[in-house]
Amino acid sequence: MPLPIYTHSACLAHDTGPGHAERSERLASVIAALREAQPDAEWREAPRASRGQLLRVHDDALLHAVLETAPHTRMWLDPDTVLSPQSAEAALRAAGAVVAAVDHALSGDARLPRAFCAVRPPGHHATGEVAMGFCLFNSIAVGAAHALERYGLRRVAIVDFDVHHGNGTQAIFEREPRVLFASSHQMPLYPDTGHPSERGVGNIFNAALPPEANGRLFREIWSSRLLPQIDAFKPQLVMISAGFDAHARDPLAQLRLQAEDFGWITAELVAIALRHAAGRIVSTLEGGYDLQGLSASCVAHVAALSD
Ligand SMILES: [Zn+2]
């Protein structure tokens, strides 16, 4: 069965400038690799997220900063986070992709109730109020809030294996018991949150990995500490912040994962989704800054999603 993949050309036009790690070549390499590895995938144009969908998790001031600043060249929202003339459109399409993927997964008539969003900018560092860490809107949070409000779901699991902690997603949902957030990440590393003692209202599960941790330790941590919590939560929808910067080749972090490790975690999440969520999974691209490591890992992830 073909896997829907949502993307939009605006996501390639978001221009962070020379030398920036979060560059459009990342997405171009992912799209090229997926087109080759998944010739049957069904490519869909991502719609824009609506203002109402964004306001479920973001405040007016952030919407204004991203959507109405309209710089003629580039401006920096923080030392890492760039707004270019095309960035507002890219951010709207990235969040809209996740909303559309949620609609697909929950439509009830999808033969394969899963989807991948090949989009940028990434989203998981953006809080309700602040764009940061290359992220403008928190696309996965916008999608999860849509699942709660539009479909009345009572249990949505957000799983984040990006090498950086998804501080924004955690901050948005740390008082929301309908959302479970489970993350593994390198520590110490930007943004310096995600200590296992951060538990929200009992719905937050953080596992810190030391620099140089390899796939074996990654699998042990997920198998012993995170996957059992997700399974016990019995999610009605599994959402994935799919960052591939824990790959050994990545220049922004020091973990030692290989592409197969991302295939493994994805297969584990598919098994949980099949047990509890009628197989429903929505995944969106977050980080990953070595083009070879990123595209190989993303191919392994999407292959496991398509199985
Ligand atoms: Zn990252």
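In each ligand, atom 1 is the first atom listed, and ligand 1 is the first ligand listed. Everything numeric in this text was worked out from a predicted model, so none of it was measured.
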Taking the six-membered ring for Trp and the full ring for Phe, Tyr or His, determine whether the centres of F137 and H58 are under 6.0 Å apart.
yes
Does the structure place the NZ or CZ of R225 under 6.0 Å from the centre of the six-membered ring of F205, at an angle of no more than 45° from the ring's axis?
no
For the Zn ion (ligand 1), does an N/O/S atom of D162 lie at less than 2.8 Å?
yes
Would you call E42 and R35 a salt bridge, using N to O less than 4.0 angstrom?
no
Answer yes or no for H164: is there an N/O/S atom below the 2.8 Å cut-off from the Zn ion (ligand 1)?
yes
Under 30°, 30 to 60°, or over 60°: which ring-plane class applies to F244 and F161, parallel, tilted or perpendicular?
tilted
Restricting to N, O or S atoms of D245, which is nearest to the Zn ion (ligand 1)?
OD2
